[in-house]
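The structure under discussion appears below in the form of structure tokens.
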Number of protein chains: 2
Amino acid sequence: MNKPALSRESVLDAALALADREGLPAVTVRRLAGEFGVTPMAMYWHFANKDELLAAMGQAVLFELEVQAEASFSELLRGLVTVLRKHPAAVSLVPTQMFATSQGLQVTERALALLAELGFSVGEAANIARTAMDLCVMLVVGEPGREIGMDECEREKHLAGKLAAIRGLSAEQYPHVLAAAEPLTGVGDAEEFYRSSVELFVAGVEARAFALR
Amino acid sequence: MNKPALSRESVLDAALALADREGLPAVTVRRLAGEFGVTPMAMYWHFANKDELLAAMGQAVLFELEVQAEASFSELLRGLVTVLRKHPAAVSLVPTQMFATSQGLQVTERALALLAELGFSVGEAANIARTAMDLCVMLVVGEPGREIGMDECEREKHLAGKLAAIRGLSAEQYPHVLAAAEPLTGVGDAEEFYRSSVELFVAGVEARAFALR
DNA sequence: ACCTGAACACCGTTCAAGT
DNA sequence: ACCTGAACACCGTTCAAGT
């Protein structure tokens, strides 16, 4: 439990780590101050207020993103997903910071360029690019069976409860839901889940582009 | 400002209305109690705690959903979107309540049935159905230019600021972003945005199903 | 069955003051 | 430049008590 010096960067690191450990609601001005052995008000030298802290956390997540100039659409999205998955609890802070960070602007730029090549209008391309990036966020935030802020044991109980609830359903009314109980409550292979979800979206984009001709 | 009697239902209505007016963070046990001219602790008779209140709000949103037995995949998603848009501020509470409500189970059941008909395995269908429903949530939550909890004037300023920020970007580095400044910051026609986003996803599902043969 | 009162341990934030 | 201290207006929640 070594305490690095208080600075914008060290606070941001601590905030992301805390979020990943105990969930975003655990990220509190007072709590962070406590971790640094410092008064809550010390934070207000480094951040105007908590909103600025949260915004900076969203930007910090995006900071690790590397956008290849020649990346394909699915490479772009997979790269984004990979970065987002490193800080699952902070991912919900990312969408608002997309245009506030050079990495976010770079993915957007590349995505728009690819969509223009495919023949989409500026407006269509903008909508698709936005939706694509929000999709990545959503996949990570909503990854089945990855509710954060609980330890392994607690999570298992929670998951077992959800499974049991579905198992108790009427087989006449919800046959498919019952048959899909496990894959609905927990994701089997996370890599496969992300890969195929991204591919599905890209397939839609390509099908739509083809229909434009 | 008439005060209906305090009850689970009336509290829920007030909570949804308050969320839509001022945003989800404004929904507070004490604030709601105040609206009913009652002590904060009175709430704890009707709800075990705030989490239960929020869960019930998510279910209440889903409550208005009507699932046609013969609905197509895109009809299903459009129906969901339509219901979600009625309470934009509470939409983020919906995903966890999908299997806790008969309406949520019905959309899921119908979606899984359609996906099975298209030839997807149980696991694939489950992933796609989940993603589809999360997509609907995400479209509403992330609708460009619809930041909630601010009045018309405030929203306009906020939007103008975002536009100005993009306009200040380097034209060499981000030509496509600059060209798409308006459609990226605000959605032109909301109906068109939702319709085409859903169609895009469905196109992906169909393209993928076709590839399975 | 339904609500109140007092109390507790938390929040974010301001403002003046210290070094 | 960077942090503290005291204070304010908020949170959710418990627990015993009232009607």
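Here is the naming used below: chain letters follow the sequence lines, and residue numbers restart at 1 for every chain. Not measured: the values here are computed from a predicted model.
By the 4.0 Å N-to-carboxylate-O rule, Arg167(A) lies close enough to Glu182(A) to be salt-bridged with it. With salt bridges taken as basic N to acidic carboxylate O contacts below 4.0 Å, none links Arg130(A) and Glu143(B). Salt-bridge formation is detected for the pair Arg195(B)/Glu192(B): a Lys NZ or Arg NE/NH1/NH2 atom is positioned less than 4.0 Å from an Asp or Glu carboxylate oxygen. Between Arg110(A) and Glu66(A) there is no salt bridge, since no side-chain N of the basic residue sits under 4.0 Å from a carboxylate O of the acidic one. Under the 4.0 Å criterion applied to side-chain N and carboxylate O atoms, Glu191(A) and Arg85(A) are assigned as salt-bridge partners.
Side chain of Glu109(A) to main chain of Val177(B): a donor-acceptor pair is present (N/O by atom type, distance under 3.5 Å, no hydrogens or angles). Looking only at distances, a side-chain donor or acceptor of Ser10(B) sits under 3.5 Å from a matching main-chain atom of Ala5(B).
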Open item on the list: What does the 5'-to-3' dot-bracket notation of DNA chain C look like when only Watson-Crick and G-U wobble pairs under 3.5 Å count, and pairs to other strands show as |?
Closed with: ||.|||||...|||||.||
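Atoms CZ (Phe36(A)) and C1' (dC3(D)) sit 14 Å apart, rounded to a whole Å. If you take CD of Glu52(B) and P of dG12(D), they are 15 Å apart, rounded to a whole angstrom. One can place CG of Leu32(A) at 10 Å from P of dC11(C), the figure rounded to the nearest angstrom.
Within a 6.0 Å radius of CD in Glu52(B), more than 12 heavy atoms belonging to other residues, nucleotides or ligands are found.
Listed in residue order, the members of residues 37-51 of chain A having a heavy atom less than 4.0 Å from DNA chain D are Val38(A), Thr39(A), Met41(A), Ala42(A), Trp45(A), His46(A). Scanning residues 13-29 of chain A for heavy-atom distances under 4.0 Å to DNA chain C yields Thr28(A), Val29(A).
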- [ ] Begin with the C-alpha distance, continue with both residues' side-chain angles, and end with the deciding distance and a verdict on side chain to side chain contact (heavy atoms under 4.5 Å, CB included) for Arg78(B) and Tyr194(B).
- [x] CA-CA 8 Å; Arg78(B) 282 203 305 269; Tyr194(B) 287 108; over 6 Å; no
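With Leu93(A) as the partner, the side-chain contact (heavy atoms from CB on, under 4.5 Å) test is satisfied by one option alone out of Val61(A), Leu24(A), Val27(A): Leu24(A).
The residue among Leu6(B) and Arg30(B) whose nearest nucleotide of DNA chain C lies closer to the 5′ end is Leu6(B).
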